[in-house]
Amino acid sequence: MSESHQQPALARCPGCEEPPASGDLYCGACGYDLSAVPARPDDRPTLAITVPPAAPPAPAPSSAVPPTAPHAPDAPTPPAPAVQWPAASETDSSDVPVPVHRATDLPGTDSGGKPLPASPPVRRDDRAVVGGPAGAEPAAGTAGTIEPPDSSGDFALAAPDPRTAEPTPTPAAGTKVCVACRSGRVDPDGYCENCGHAQPRERDHMEQELGSVAAVSDRGLRHHRNEDSFAVSSTALPDGSPAVVAIVCDGVSSASRPDEASAAAASAANEALLESLPRGTHPQQAMHEAIVAASEAVNALAQDPPGSAEHDAQRHQNAPACTLVGAIMAGGLLVVGWVGDSRVYWVPDDRTGPPARLTEDDSWAAQMVAAGLMNEAEAYADERAHAITGWLGADSYELEPHTASFKPDRPGLVVVCTDGLWNYAESAEEMAAAVPPEAHRRPLHGAQVLVGHALDGGGHDNVTVALLPFAVEPQGAGSACTTV
């Protein structure tokens, strides 16, 4: 009887992993042919892998026979020679070779059968500069390219090519650009459409120097806008002698559009003086007419717009309003004029001489002092001290321009300012102490210092000051200024 080959009993079906019953030729679960058991793979020799030592020796000469790995005695073919690793090219801090190799230490091919590149990998902690030594700028024409590695074995990263980089959009002509992000357009309300940053207004800080006269105006640290305004100019009298003008206006914050009122008043007064002085009008009369012209300009702001159906009787109750103070130097005279509580001070160049305040406030405190009801310290300590009793505007009780003429007998400095400054240097002595000694030679710098003095004191109000150096030949002892 012939002997048939017996298949080994299967513990699980190769198809569904279910245990078959004894003697089954097919799996009862999936129908797998249990007689078709895969043949056992042929035995293969086991080869030992040679592990390189921590400090391998130098590569053996090409004539040397490399050691062979042990193999089973019944192996049909001789084993492949073990890999002979070369020594690593880098060393650690103890000058001992480390088991780290570069791609160039051993030859090889990529998946396409081409030789691997001989360049080492890029190390991100040590980059070279394109086109030259460290710190050098890339040469023309190298932008946008990758240079070969330098001596450190690292690839250099090139700057982007400006010819291919996306250009920054250029704003249209006449469009304001945000001062914060430098890219967003500023909307009509003064805010950046990109980052929302509020833009500084042109009037937040203004400076002007014209010959020997200079003025500075600043928004201060508490107000959201600058409601002060100024105008400085110069002209000539009929005899050819010079005339210098400074006008300073302070908008009344409780009124509507105070910034417009101060700007209109300063401009109108300045234009009136530039028109009347060359005609030969006496400077004091010219100052009076200039204040009247300024008042009319402010009144015009409260008029009904064209096409208004009916007049609003309540419109003038909060009409635009401002104060005004001005000074003219012409023909050896110093003429001042004012309405409100802005002031003019005289500070002699020789600080041994007494300074003086040349104006009287139109304010509640000044009225109390003039009436003898309070002394100056008590009046200005009252919360009603800065309530003004005179101003320019459609709802003012009665316009009463104040003017005065002086003939200084010595050189000095004329300080024309709003209460945003003199609140921090009220008396003439305090103002003289705040004026820098060289202000008569550098009026713009002196005005900047005085504005800084107010800001350092708190900057609770807008600050505006104009400085006019008054030069005369010394004529002996006498008061700082004499009324003509």
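In this text, all values refer to a predicted model and were calculated from it rather than measured experimentally.
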Mind checking whether [X] and [Y] have side chains closer than 4.5 Å, heavy atoms only?
{"X": "Arg442", "Y": "Pro436", "answer": "no"}
{"X": "Val248", "Y": "Asp228", "answer": "no"}
{"X": "Val344", "Y": "Val416", "answer": "yes"}
{"X": "Leu334", "Y": "Leu468", "answer": "no"}
{"X": "Ile328", "Y": "Met287", "answer": "yes"}

Item checked: Glu207 versus His205, side-chain donor and acceptor atoms under 3.5 Å -> yes
Check: Any chance the side chains of Ser217 and Asn226 put a donor and an acceptor closer than 3.5 Å?
Finding: yes
Using a 6.0 Å cut-off, check whether atom [atom1] of [X] has over 12 heavy atoms from anything other than its own residue.
{"X": "Gln284", "atom1": "CD", "result": "yes"}
{"X": "His453", "atom1": "NE2", "result": "yes"}
{"X": "Glu193", "atom1": "CD", "result": "yes"}

Next item on the list: Please list all pairs passing the salt bridge (charged side-chain N to carboxylate O under 4.0 Å, His left out) test where one or both residues lie in residues 327-352, with sequence neighbours left out.
Entry: Arg343-Asp361
Item checked: Pairwise ring-ring contact (aromatic ring centres under 6.0 Å, His included) hits with a residue in residues 231-276, at least two apart -> none
